[in-house]
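Inspection log for the structure reproduced underneath, given as C-alpha coordinates.
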Amino acid sequence: MISAYTATLGFSYFYYQVGALFVFYAGLIAFSIFVVYGVSSFFTQNLLLLFRLSITTALVTFSTQIFYTGGSLSPAVAEFIIPPLLAFFYRPIYDRYIFMALSAICLLVMWRLTSSGLTQDLVLPEYRIQHSMITTLFVFVIVSIFTFLFRHTLAKKNKKLNESMTDLKTTTQKLIHAEKMASLGVMSAGIAHEINNPLNFIKGGIGMLSKSMEKSKELTPFVEAIEEGVSRASLIVSSLSQFSRNTDSMNEECDIHIIIENCLVMLQHKLKYKVEVVKKFTTSKHLRIVGNEGKLHQAVLNIISNAEQAIKNKGTITIETKAKQNSLRLTISDTGEGISEDNLSKISDPFFTTKPSGKGTGLGLAISFEIIQEHGGKISVNSKPSEGTRFNILFKLSERFK
Amino acid sequence: MKKDTVLFVDDEEINLFLFEKTFERDFEVLTALSGLEGLEKLKENEKRIKVVISDMRMPSMNGLEFVEKVKKNFVEIECFILTGYGHNKELEAAVENNLIDRLFSKPFDYDSIKNAIGISSRGS
(Lines give C-alpha, C1' and ligand atoms only; values in the text may rest on other atoms or scores of the structure.)
Protein backbone atom coordinates (compact mmCIF):
# COMPACT_ATOMS: atom_id res chain seq x y z
CA MET A 1 0.00 0.00 0.00
CA ILE A 2 2.72 2.41 0.85
CA SER A 3 4.57 1.34 -2.20
CA ALA A 4 1.51 2.07 -4.21
CA TYR A 5 2.19 5.71 -4.63
CA THR A 6 5.90 5.12 -4.85
CA ALA A 7 5.09 3.07 -7.86
CA THR A 8 2.53 5.61 -8.83
CA LEU A 9 5.14 8.34 -8.70
CA GLY A 10 7.59 6.29 -10.62
CA PHE A 11 5.24 5.48 -13.33
CA SER A 12 3.43 8.73 -13.34
CA TYR A 13 5.89 9.48 -16.03
CA PHE A 14 3.85 7.27 -18.29
CA TYR A 15 0.69 9.03 -17.40
CA TYR A 16 2.36 12.32 -17.88
CA GLN A 17 3.54 11.21 -21.27
CA VAL A 18 0.14 10.18 -22.38
CA GLY A 19 -1.37 13.33 -21.06
CA ALA A 20 -3.26 11.73 -18.20
CA LEU A 21 -2.26 14.60 -16.01
CA PHE A 22 -5.08 13.94 -13.63
CA VAL A 23 -3.55 10.60 -12.70
CA PHE A 24 -0.13 12.13 -12.57
CA TYR A 25 -1.21 14.81 -10.13
CA ALA A 26 -3.20 12.33 -8.05
CA GLY A 27 -0.11 10.20 -7.74
CA LEU A 28 2.05 13.16 -6.87
CA ILE A 29 -0.33 14.33 -4.13
CA ALA A 30 -0.65 10.82 -2.79
CA PHE A 31 3.08 10.46 -2.67
CA SER A 32 3.50 13.78 -0.84
CA ILE A 33 0.90 12.77 1.70
CA PHE A 34 2.76 9.54 2.24
CA VAL A 35 6.07 11.25 2.76
CA VAL A 36 4.62 13.56 5.39
CA TYR A 37 2.59 10.99 7.28
CA GLY A 38 4.91 8.12 6.70
CA VAL A 39 7.93 9.89 8.06
CA SER A 40 6.02 11.36 10.99
CA SER A 41 4.46 8.05 11.90
CA PHE A 42 7.81 6.33 11.90
CA PHE A 43 8.86 8.89 14.46
CA THR A 44 5.72 8.62 16.52
CA GLN A 45 5.62 4.89 15.96
CA ASN A 46 1.94 5.18 15.20
CA LEU A 47 1.87 2.31 12.80
CA LEU A 48 -1.87 2.01 12.81
CA LEU A 49 -2.27 5.55 11.56
CA LEU A 50 0.32 4.97 8.88
CA PHE A 51 -1.42 1.86 7.76
CA ARG A 52 -4.83 3.47 7.58
CA LEU A 53 -3.62 6.54 5.74
CA SER A 54 -1.72 4.48 3.27
CA ILE A 55 -4.76 2.35 2.57
CA THR A 56 -6.96 5.38 2.04
CA THR A 57 -4.65 7.18 -0.31
CA ALA A 58 -3.73 3.98 -2.10
CA LEU A 59 -7.32 3.16 -2.79
CA VAL A 60 -7.98 6.67 -4.00
CA THR A 61 -4.99 6.53 -6.29
CA PHE A 62 -5.82 3.07 -7.50
CA SER A 63 -9.32 4.11 -8.29
CA THR A 64 -8.15 6.87 -10.54
CA GLN A 65 -5.75 4.44 -12.18
CA ILE A 66 -8.55 2.05 -12.98
CA PHE A 67 -9.99 4.38 -15.57
CA TYR A 68 -6.74 5.01 -17.31
CA THR A 69 -4.95 1.75 -17.36
CA GLY A 70 -7.70 -0.78 -17.38
CA GLY A 71 -6.93 -3.96 -19.16
CA SER A 72 -5.65 -7.33 -18.30
CA LEU A 73 -2.07 -6.24 -17.78
CA SER A 74 -2.85 -3.14 -15.85
CA PRO A 75 -0.31 -2.55 -13.18
CA ALA A 76 -3.23 -1.75 -10.94
CA VAL A 77 -3.86 -5.49 -10.84
CA ALA A 78 -0.47 -6.06 -9.28
CA GLU A 79 -1.05 -3.21 -6.95
CA PHE A 80 -4.34 -4.63 -5.82
CA ILE A 81 -3.05 -8.11 -5.25
CA ILE A 82 0.45 -7.98 -3.85
CA PRO A 83 0.07 -5.39 -1.09
CA PRO A 84 -3.04 -6.99 0.38
CA LEU A 85 -1.30 -10.35 0.43
CA LEU A 86 1.72 -8.90 2.13
CA ALA A 87 -0.57 -6.99 4.49
CA PHE A 88 -1.17 -10.36 6.03
CA PHE A 89 2.18 -9.94 7.71
CA TYR A 90 1.14 -6.67 9.27
CA ARG A 91 0.02 -8.23 12.45
CA PRO A 92 -1.60 -7.27 14.73
CA ILE A 93 -3.31 -4.54 12.79
CA TYR A 94 -6.75 -5.87 11.96
CA ASP A 95 -7.31 -3.23 9.34
CA ARG A 96 -5.33 -5.42 7.01
CA TYR A 97 -8.41 -7.57 6.56
CA ILE A 98 -10.41 -4.50 5.63
CA PHE A 99 -7.70 -3.56 3.20
CA MET A 100 -7.73 -7.00 1.66
CA ALA A 101 -11.48 -6.86 1.34
CA LEU A 102 -11.42 -3.41 -0.23
CA SER A 103 -8.70 -4.48 -2.64
CA ALA A 104 -10.78 -7.43 -3.70
CA ILE A 105 -13.73 -5.11 -4.29
CA CYS A 106 -11.57 -2.75 -6.32
CA LEU A 107 -10.28 -5.62 -8.44
CA LEU A 108 -13.83 -6.75 -9.07
CA VAL A 109 -14.92 -3.25 -9.97
CA MET A 110 -11.96 -2.84 -12.27
CA TRP A 111 -12.70 -6.10 -14.03
CA ARG A 112 -16.32 -5.16 -14.52
CA LEU A 113 -15.47 -1.72 -15.76
CA THR A 114 -12.90 -3.05 -18.14
CA SER A 115 -15.15 -5.68 -19.56
CA SER A 116 -17.81 -3.03 -19.96
CA GLY A 117 -15.37 -0.97 -21.94
CA LEU A 118 -15.59 1.97 -19.60
CA THR A 119 -11.86 2.21 -18.97
CA GLN A 120 -9.18 3.70 -21.07
CA ASP A 121 -5.84 2.16 -21.69
CA LEU A 122 -3.29 4.84 -22.00
CA VAL A 123 -0.12 2.83 -21.94
CA LEU A 124 1.27 2.36 -25.44
CA PRO A 125 1.03 -1.26 -26.58
CA GLU A 126 4.76 -1.68 -26.94
CA TYR A 127 5.33 -0.67 -23.36
CA ARG A 128 2.46 -2.55 -21.89
CA ILE A 129 4.20 -5.74 -20.76
CA GLN A 130 7.30 -3.89 -19.63
CA HIS A 131 5.15 -1.47 -17.73
CA SER A 132 3.32 -4.17 -15.88
CA MET A 133 6.33 -6.30 -15.07
CA ILE A 134 8.38 -3.40 -13.79
CA THR A 135 5.46 -2.14 -11.76
CA THR A 136 4.89 -5.55 -10.27
CA LEU A 137 8.54 -5.98 -9.38
CA PHE A 138 8.80 -2.50 -7.98
CA VAL A 139 5.70 -2.97 -5.90
CA PHE A 140 6.93 -6.28 -4.63
CA VAL A 141 10.33 -4.93 -3.58
CA ILE A 142 9.06 -1.80 -1.91
CA VAL A 143 6.27 -3.55 -0.09
CA SER A 144 8.64 -6.22 1.16
CA ILE A 145 11.04 -3.59 2.45
CA PHE A 146 8.30 -1.77 4.28
CA THR A 147 6.88 -4.98 5.64
CA PHE A 148 10.27 -5.82 7.02
CA LEU A 149 10.65 -2.38 8.55
CA PHE A 150 7.20 -2.61 10.01
CA ARG A 151 7.81 -5.97 11.58
CA HIS A 152 11.12 -4.81 12.95
CA THR A 153 9.50 -1.83 14.63
CA LEU A 154 6.72 -4.04 15.90
CA ALA A 155 9.21 -6.53 17.32
CA LYS A 156 10.98 -3.74 19.17
CA LYS A 157 7.68 -2.51 20.56
CA ASN A 158 6.81 -6.02 21.61
CA LYS A 159 10.07 -6.39 23.41
CA LYS A 160 9.48 -3.15 25.31
CA LEU A 161 6.01 -4.28 26.13
CA ASN A 162 7.23 -7.61 27.44
CA GLU A 163 9.77 -5.87 29.61
CA SER A 164 7.08 -3.61 31.01
CA MET A 165 4.91 -6.64 31.66
CA THR A 166 7.71 -8.35 33.54
CA ASP A 167 8.33 -5.19 35.58
CA LEU A 168 4.64 -4.94 36.31
CA LYS A 169 4.48 -8.53 37.46
CA THR A 170 7.46 -8.08 39.75
CA THR A 171 6.08 -4.86 41.19
CA THR A 172 2.65 -6.44 41.69
CA GLN A 173 4.21 -9.35 43.49
CA LYS A 174 6.18 -7.00 45.69
CA LEU A 175 3.05 -5.04 46.43
CA ILE A 176 1.09 -8.15 47.34
CA HIS A 177 3.95 -9.24 49.55
CA ALA A 178 4.04 -5.84 51.26
CA GLU A 179 0.27 -5.95 51.77
CA LYS A 180 0.57 -9.39 53.29
CA MET A 181 3.25 -8.15 55.64
CA ALA A 182 1.10 -5.18 56.58
CA SER A 183 -1.92 -7.37 57.32
CA LEU A 184 0.33 -9.69 59.22
CA GLY A 185 1.50 -6.75 61.28
CA VAL A 186 -2.01 -5.62 62.07
CA MET A 187 -3.10 -9.15 62.85
CA SER A 188 -0.04 -9.80 64.97
CA ALA A 189 -0.63 -6.70 67.02
CA GLY A 190 -4.20 -7.74 67.65
CA ILE A 191 -3.32 -11.32 68.50
CA ALA A 192 -0.46 -10.29 70.73
CA HIS A 193 -2.63 -7.94 72.65
CA GLU A 194 -5.52 -10.32 73.06
CA ILE A 195 -3.33 -13.21 74.12
CA ASN A 196 -1.50 -11.06 76.65
CA ASN A 197 -4.43 -10.90 79.04
CA PRO A 198 -5.21 -14.61 79.35
CA LEU A 199 -1.48 -15.25 79.44
CA ASN A 200 -1.20 -13.00 82.45
CA PHE A 201 -4.04 -14.85 84.16
CA ILE A 202 -2.09 -18.06 83.77
CA LYS A 203 1.10 -16.41 84.93
CA GLY A 204 -0.49 -14.86 87.97
CA GLY A 205 -2.35 -18.04 88.83
CA ILE A 206 0.64 -20.35 88.50
CA GLY A 207 2.78 -17.87 90.39
CA MET A 208 0.61 -18.14 93.45
CA LEU A 209 0.06 -21.88 92.98
CA SER A 210 3.76 -22.59 92.82
CA LYS A 211 4.30 -20.75 96.11
CA SER A 212 1.79 -22.93 97.93
CA MET A 213 3.10 -26.02 96.18
CA GLU A 214 6.64 -25.58 97.38
CA LYS A 215 6.15 -28.44 99.83
CA SER A 216 4.95 -30.92 97.26
CA LYS A 217 7.96 -32.20 95.29
CA GLU A 218 5.84 -34.37 92.99
CA LEU A 219 3.90 -31.49 91.55
CA THR A 220 6.87 -29.19 91.02
CA PRO A 221 7.71 -30.41 87.47
CA PHE A 222 4.14 -29.75 86.39
CA VAL A 223 4.28 -26.25 87.75
CA GLU A 224 7.60 -25.75 86.01
CA ALA A 225 6.15 -27.02 82.75
CA ILE A 226 3.37 -24.46 82.98
CA GLU A 227 5.82 -21.70 83.83
CA GLU A 228 8.06 -22.64 80.91
CA GLY A 229 5.06 -22.61 78.59
CA VAL A 230 3.98 -19.21 79.82
CA SER A 231 7.51 -17.87 79.49
CA ARG A 232 7.82 -18.99 75.88
CA ALA A 233 4.38 -17.73 75.01
CA SER A 234 5.21 -14.36 76.52
CA LEU A 235 8.36 -14.20 74.46
CA ILE A 236 6.43 -14.83 71.30
CA VAL A 237 3.81 -12.28 72.24
CA SER A 238 6.38 -9.62 72.98
CA SER A 239 8.23 -10.36 69.75
CA LEU A 240 4.95 -10.12 67.88
CA SER A 241 4.11 -6.83 69.52
CA GLN A 242 7.52 -5.46 68.70
CA PHE A 243 7.19 -6.57 65.13
CA SER A 244 3.90 -4.83 64.60
CA ARG A 245 4.43 -1.76 66.70
CA ASN A 246 4.81 1.42 64.72
CA THR A 247 4.20 4.22 67.11
CA ASP A 248 7.60 4.86 68.60
CA SER A 249 9.82 7.90 68.34
CA MET A 250 12.32 7.79 65.54
CA ASN A 251 14.19 10.87 66.61
CA GLU A 252 16.55 9.50 69.20
CA GLU A 253 20.26 9.83 68.67
CA CYS A 254 21.77 6.40 68.97
CA ASP A 255 25.36 5.35 69.44
CA ILE A 256 25.79 2.04 67.65
CA HIS A 257 28.78 1.03 69.77
CA ILE A 258 26.84 1.42 73.00
CA ILE A 259 24.01 -0.56 71.47
CA ILE A 260 26.40 -3.35 70.47
CA GLU A 261 27.96 -3.45 73.93
CA ASN A 262 24.52 -3.60 75.55
CA CYS A 263 23.53 -6.48 73.34
CA LEU A 264 26.72 -8.34 74.19
CA VAL A 265 25.95 -7.87 77.87
CA MET A 266 22.44 -9.19 77.37
CA LEU A 267 23.80 -12.26 75.60
CA GLN A 268 26.71 -12.73 77.95
CA HIS A 269 25.41 -15.90 79.54
CA LYS A 270 25.11 -17.52 76.13
CA LEU A 271 28.43 -16.33 74.80
CA LYS A 272 30.64 -16.86 77.81
CA TYR A 273 32.37 -20.21 77.29
CA LYS A 274 31.31 -20.90 73.76
CA VAL A 275 31.98 -17.88 71.63
CA GLU A 276 34.93 -15.57 71.28
CA VAL A 277 33.76 -12.07 70.44
CA VAL A 278 36.14 -9.98 68.35
CA LYS A 279 35.33 -6.28 68.12
CA LYS A 280 36.81 -4.10 65.41
CA PHE A 281 35.27 -0.74 66.01
CA THR A 282 36.08 2.36 64.05
CA THR A 283 38.00 5.03 65.90
CA SER A 284 35.83 7.82 64.52
CA LYS A 285 34.03 9.61 67.28
CA HIS A 286 30.56 11.01 67.63
CA LEU A 287 28.91 8.73 65.15
CA ARG A 288 25.18 8.85 65.65
CA ILE A 289 22.28 7.16 63.97
CA VAL A 290 18.91 8.86 64.20
CA GLY A 291 16.11 6.49 65.02
CA ASN A 292 14.64 4.41 67.76
CA GLU A 293 17.15 3.18 70.28
CA GLY A 294 15.03 0.30 71.56
CA LYS A 295 14.39 -0.98 68.08
CA LEU A 296 18.01 -0.75 67.07
CA HIS A 297 18.90 -2.72 70.18
CA GLN A 298 16.46 -5.35 69.14
CA ALA A 299 17.72 -5.49 65.57
CA VAL A 300 21.33 -5.94 66.63
CA LEU A 301 20.44 -8.33 69.43
CA ASN A 302 18.58 -10.66 67.11
CA ILE A 303 21.42 -10.81 64.63
CA ILE A 304 24.08 -11.47 67.28
CA SER A 305 21.78 -13.98 68.91
CA ASN A 306 21.36 -15.78 65.59
CA ALA A 307 25.10 -15.80 65.12
CA GLU A 308 25.58 -17.35 68.55
CA GLN A 309 22.98 -20.00 67.84
CA ALA A 310 24.65 -20.91 64.57
CA ILE A 311 27.80 -21.85 66.44
CA LYS A 312 27.40 -25.37 67.73
CA ASN A 313 30.57 -26.08 69.74
CA LYS A 314 33.01 -23.23 69.74
CA GLY A 315 33.43 -20.32 67.43
CA THR A 316 33.99 -16.66 66.87
CA ILE A 317 31.72 -13.72 66.29
CA THR A 318 33.35 -10.70 64.74
CA ILE A 319 31.67 -7.32 65.00
CA GLU A 320 33.14 -4.58 62.88
CA THR A 321 32.15 -0.95 62.38
CA LYS A 322 33.49 1.38 59.71
CA ALA A 323 32.52 4.96 59.04
CA LYS A 324 32.55 6.30 55.51
CA GLN A 325 31.34 9.80 54.71
CA ASN A 326 27.63 9.67 55.43
CA SER A 327 27.32 6.04 56.34
CA LEU A 328 28.21 3.55 58.98
CA ARG A 329 28.91 -0.01 57.97
CA LEU A 330 28.26 -2.67 60.58
CA THR A 331 29.39 -6.22 59.90
CA ILE A 332 28.48 -9.14 62.12
CA SER A 333 30.09 -12.40 61.08
CA ASP A 334 30.22 -15.80 62.68
CA THR A 335 32.02 -19.08 62.18
CA GLY A 336 28.82 -21.02 62.63
CA GLU A 337 27.06 -23.57 60.47
CA GLY A 338 26.09 -21.12 57.76
CA ILE A 339 22.91 -20.83 55.71
CA SER A 340 22.14 -22.86 52.60
CA GLU A 341 21.52 -21.03 49.34
CA ASP A 342 17.89 -22.08 49.35
CA ASN A 343 17.28 -20.66 52.79
CA LEU A 344 19.28 -17.49 52.29
CA SER A 345 16.46 -15.63 50.60
CA LYS A 346 13.98 -16.71 53.27
CA ILE A 347 15.76 -15.75 56.45
CA SER A 348 14.00 -12.41 56.66
CA ASP A 349 10.56 -13.99 56.23
CA PRO A 350 8.45 -13.91 59.37
CA PHE A 351 8.12 -17.30 61.05
CA PHE A 352 10.85 -18.87 58.93
CA THR A 353 13.16 -20.86 61.15
CA THR A 354 15.43 -23.87 60.86
CA LYS A 355 15.20 -24.53 64.56
CA PRO A 356 13.20 -27.48 65.90
CA SER A 357 9.67 -26.56 66.83
CA GLY A 358 9.32 -24.69 70.08
CA LYS A 359 12.90 -23.47 69.95
CA GLY A 360 12.46 -20.36 67.90
CA THR A 361 9.78 -17.99 66.74
CA GLY A 362 11.30 -17.38 63.33
CA LEU A 363 10.64 -13.70 63.90
CA GLY A 364 14.03 -12.48 65.08
CA LEU A 365 15.64 -11.74 61.73
CA ALA A 366 12.37 -10.61 60.19
CA ILE A 367 12.18 -7.98 62.93
CA SER A 368 15.84 -7.02 62.44
CA PHE A 369 15.44 -6.56 58.70
CA GLU A 370 12.27 -4.55 59.19
CA ILE A 371 13.88 -2.30 61.78
CA ILE A 372 16.97 -1.64 59.69
CA GLN A 373 14.87 -0.77 56.68
CA GLU A 374 12.72 1.46 58.88
CA HIS A 375 15.88 3.38 59.72
CA GLY A 376 16.70 3.88 56.05
CA GLY A 377 19.48 1.33 56.26
CA LYS A 378 20.48 -1.55 54.03
CA ILE A 379 21.14 -5.11 55.00
CA SER A 380 22.51 -8.06 53.10
CA VAL A 381 23.71 -11.51 54.05
CA ASN A 382 26.56 -13.68 52.78
CA SER A 383 26.88 -17.24 53.90
CA LYS A 384 28.64 -20.51 53.18
CA PRO A 385 27.34 -23.68 54.82
CA SER A 386 29.83 -25.05 57.36
CA GLU A 387 31.94 -21.92 57.10
CA GLY A 388 29.91 -19.10 58.49
CA THR A 389 27.64 -16.19 57.87
CA ARG A 390 28.15 -12.48 57.53
CA PHE A 391 25.54 -9.77 57.95
CA ASN A 392 26.37 -6.52 56.19
CA ILE A 393 24.44 -3.53 57.47
CA LEU A 394 24.68 0.01 56.25
CA PHE A 395 23.25 2.88 58.29
CA LYS A 396 22.92 6.53 57.42
CA LEU A 397 24.72 8.73 59.89
CA SER A 398 23.03 11.69 61.54
CA GLU A 399 24.01 14.95 59.91
CA ARG A 400 24.21 16.84 63.15
CA PHE A 401 27.05 14.90 64.61
CA LYS A 402 29.69 14.96 61.96
CA MET B 1 2.84 -2.21 111.75
CA LYS B 2 -0.21 -1.03 109.97
CA LYS B 3 -0.19 -1.82 106.30
CA ASP B 4 -0.59 0.79 103.63
CA THR B 5 -3.74 0.68 101.57
CA VAL B 6 -3.69 0.58 97.81
CA LEU B 7 -6.52 0.69 95.31
CA PHE B 8 -6.26 -1.47 92.22
CA VAL B 9 -8.53 -0.86 89.27
CA ASP B 10 -8.94 -3.29 86.35
CA ASP B 11 -11.90 -4.38 84.26
CA GLU B 12 -10.95 -8.06 84.56
CA GLU B 13 -12.02 -9.78 87.79
CA ILE B 14 -9.28 -12.36 87.53
CA ASN B 15 -6.68 -9.59 87.45
CA LEU B 16 -8.22 -7.98 90.53
CA PHE B 17 -8.15 -11.32 92.31
CA LEU B 18 -4.55 -12.09 91.35
CA PHE B 19 -3.32 -8.65 92.34
CA GLU B 20 -5.06 -8.80 95.68
CA LYS B 21 -3.67 -12.25 96.45
CA THR B 22 -0.18 -11.29 95.35
CA PHE B 23 0.04 -8.24 97.55
CA GLU B 24 -2.29 -9.04 100.45
CA ARG B 25 0.62 -9.86 102.72
CA ASP B 26 2.34 -6.57 101.99
CA PHE B 27 -0.55 -4.17 101.71
CA GLU B 28 -4.24 -3.82 102.25
CA VAL B 29 -5.67 -4.11 98.77
CA LEU B 30 -8.94 -2.55 97.68
CA THR B 31 -10.20 -3.29 94.19
CA ALA B 32 -12.59 -1.76 91.67
CA LEU B 33 -13.89 -3.02 88.33
CA SER B 34 -14.07 0.37 86.68
CA GLY B 35 -12.89 3.95 86.96
CA LEU B 36 -16.30 4.95 88.27
CA GLU B 37 -16.25 2.31 91.00
CA GLY B 38 -12.68 3.34 91.75
CA LEU B 39 -13.70 6.93 92.38
CA GLU B 40 -16.48 5.75 94.69
CA LYS B 41 -14.08 3.63 96.71
CA LEU B 42 -11.71 6.59 96.90
CA LYS B 43 -14.44 8.81 98.33
CA GLU B 44 -15.25 6.23 101.00
CA ASN B 45 -11.62 5.58 101.94
CA GLU B 46 -10.00 8.88 101.17
CA LYS B 47 -7.67 9.11 104.14
CA ARG B 48 -6.43 5.54 103.94
CA ILE B 49 -5.55 5.03 100.29
CA LYS B 50 -1.98 5.96 99.50
CA VAL B 51 -1.56 4.66 96.00
CA VAL B 52 -3.91 4.02 93.12
CA ILE B 53 -2.87 1.53 90.46
CA SER B 54 -4.94 1.30 87.34
CA ASP B 55 -5.03 -0.72 84.15
CA MET B 56 -5.04 1.32 80.95
CA ARG B 57 -7.52 -0.40 78.74
CA MET B 58 -10.97 -0.32 80.29
CA PRO B 59 -14.36 0.30 78.78
CA SER B 60 -16.12 3.66 79.37
CA MET B 61 -13.24 5.27 81.30
CA ASN B 62 -9.67 4.34 80.44
CA GLY B 63 -6.76 4.42 82.88
CA LEU B 64 -5.54 7.83 81.87
CA GLU B 65 -8.96 9.45 82.18
CA PHE B 66 -9.42 7.80 85.58
CA VAL B 67 -6.07 9.05 86.85
CA GLU B 68 -6.87 12.58 85.64
CA LYS B 69 -9.98 12.54 87.78
CA VAL B 70 -8.12 11.11 90.76
CA LYS B 71 -5.43 13.77 90.57
CA LYS B 72 -8.04 16.48 90.37
CA ASN B 73 -10.05 15.37 93.37
CA PHE B 74 -7.49 13.68 95.60
CA VAL B 75 -4.24 15.58 95.43
CA GLU B 76 -2.11 13.53 97.80
CA ILE B 77 -2.66 10.16 96.18
CA GLU B 78 0.04 8.69 93.94
CA CYS B 79 -1.11 7.16 90.68
CA PHE B 80 0.49 4.28 88.82
CA ILE B 81 -0.59 2.97 85.47
CA LEU B 82 -0.31 -0.66 84.34
CA THR B 83 -0.28 -1.08 80.63
CA GLY B 84 0.04 -3.93 78.16
CA TYR B 85 0.72 -1.50 75.35
CA GLY B 86 4.36 -0.88 76.08
CA HIS B 87 5.53 2.52 75.00
CA ASN B 88 2.90 5.00 74.04
CA LYS B 89 3.33 8.70 73.32
CA GLU B 90 0.27 9.69 75.29
CA LEU B 91 1.43 7.80 78.35
CA GLU B 92 4.99 9.06 78.12
CA ALA B 93 3.71 12.61 77.93
CA ALA B 94 1.50 11.98 80.95
CA VAL B 95 4.50 10.74 82.92
CA GLU B 96 6.49 13.80 81.91
CA ASN B 97 3.70 16.11 83.03
CA ASN B 98 3.51 14.30 86.36
CA LEU B 99 -0.01 13.18 85.66
CA ILE B 100 1.17 9.64 86.24
CA ASP B 101 3.71 8.95 88.92
CA ARG B 102 4.89 5.58 87.68
CA LEU B 103 4.32 3.51 84.59
CA PHE B 104 4.45 -0.29 84.70
CA SER B 105 4.03 -2.80 81.95
CA LYS B 106 2.04 -5.98 82.04
CA PRO B 107 2.64 -8.53 83.29
CA PHE B 108 3.61 -6.68 86.45
CA ASP B 109 6.76 -7.44 88.31
CA TYR B 110 5.99 -8.05 91.98
CA ASP B 111 9.18 -6.52 93.33
CA SER B 112 9.05 -3.38 91.20
CA ILE B 113 5.54 -2.57 92.28
CA LYS B 114 6.11 -3.47 95.91
CA ASN B 115 9.11 -1.17 96.04
CA ALA B 116 7.35 1.62 94.21
CA ILE B 117 4.43 1.55 96.62
CA GLY B 118 6.87 1.39 99.55
CA ILE B 119 8.67 4.49 98.32
CA SER B 120 5.42 6.37 97.74
CA SER B 121 4.02 5.70 101.18
CA ARG B 122 7.30 6.69 102.77
CA GLY B 123 7.26 9.88 100.81
CA SER B 124 3.80 11.05 101.85
Side-chain angles (χ1 to χ4, degrees), chain A residues 185-186 188-214 223 226-252 254 291-298 363 367 371 374, chain B residues 6 8-27 29 31-34 53-60 62-64 80-97 100 103-115 117:
Chain A
V186 170
S188 305
I191 291 174
H193 207 262
E194 292 307 310
I195 291 185
N196 224 4
N197 241 356
L199 207 56
N200 290 332
F201 295 170
I202 301 173
K203 216 179 227 180
I206 200 61
M208 297 303 279
L209 266 179
S210 70
K211 275 192 200 151
S212 57
M213 275 185 187
E214 251 155 39
V223 169
I226 295 175
E227 284 177 335
E228 168 72 3
V230 168
S231 161
R232 284 197 211 173
S234 301
L235 192 64
I236 294 172
V237 165
S238 72
S239 295
L240 268 173
S241 309
Q242 284 283 45
F243 186 71
S244 41
R245 209 163 44 136
N246 267 319
T247 55
D248 288 4
S249 158
M250 286 291 285
N251 283 321
E252 302 169 315
C254 315
N292 184 289
E293 194 152 12
K295 285 188 175 181
L296 285 174
H297 268 93
Q298 202 180 18
L363 286 170
I367 293 172
I371 291 173
E374 233 185 315
Chain B
V6 299
F8 181 63
V9 184
D10 192 310
D11 63 322
E12 293 266 13
E13 282 213 49
I14 299 182
N15 285 337
L16 294 179
F17 170 75
L18 288 172
F19 188 93
E20 190 179 341
K21 286 295 166 193
T22 308
F23 289 101
E24 67 183 354
R25 252 173 274 164
D26 307 292
F27 310 106
V29 180
T31 60
L33 263 176
S34 68
I53 307 175
S54 173
D55 180 30
M56 244 324 268
R57 221 167 64 136
M58 296 187 289
S60 56
N62 75 28
L64 210 54
F80 299 172
I81 288 271
L82 257 188
T83 174
Y85 273 121
H87 289 273
N88 177 281
K89 277 194 187 144
E90 222 190 337
L91 288 175
E92 282 169 359
V95 174
E96 263 175 52
N97 297 329
I100 308 173
L103 191 60
F104 292 99
S105 53
K106 277 181 166 180
F108 62 80
D109 175 47
Y110 168 72
D111 289 310
S112 312
I113 297 196
K114 180 168 162 230
N115 290 333
I117 297 174

So CD of B:Glu24 and CE of A:Met208: to nearest 0.5 Å the spacing works out to 6.5 Å
Shortest non-hydrogen contact from A:Phe201 toward B:Leu18:
O-CD1, 3.6 Å
Tell me, do B:Ile14 and A:Asn197 make a side-chain contact under 4.5 Å, heavy atoms counted?
no
By salt bridge (Lys or Arg N to Asp or Glu O under 4.0 Å) - contacts of A:Glu194 (at least two apart)
B:Arg57
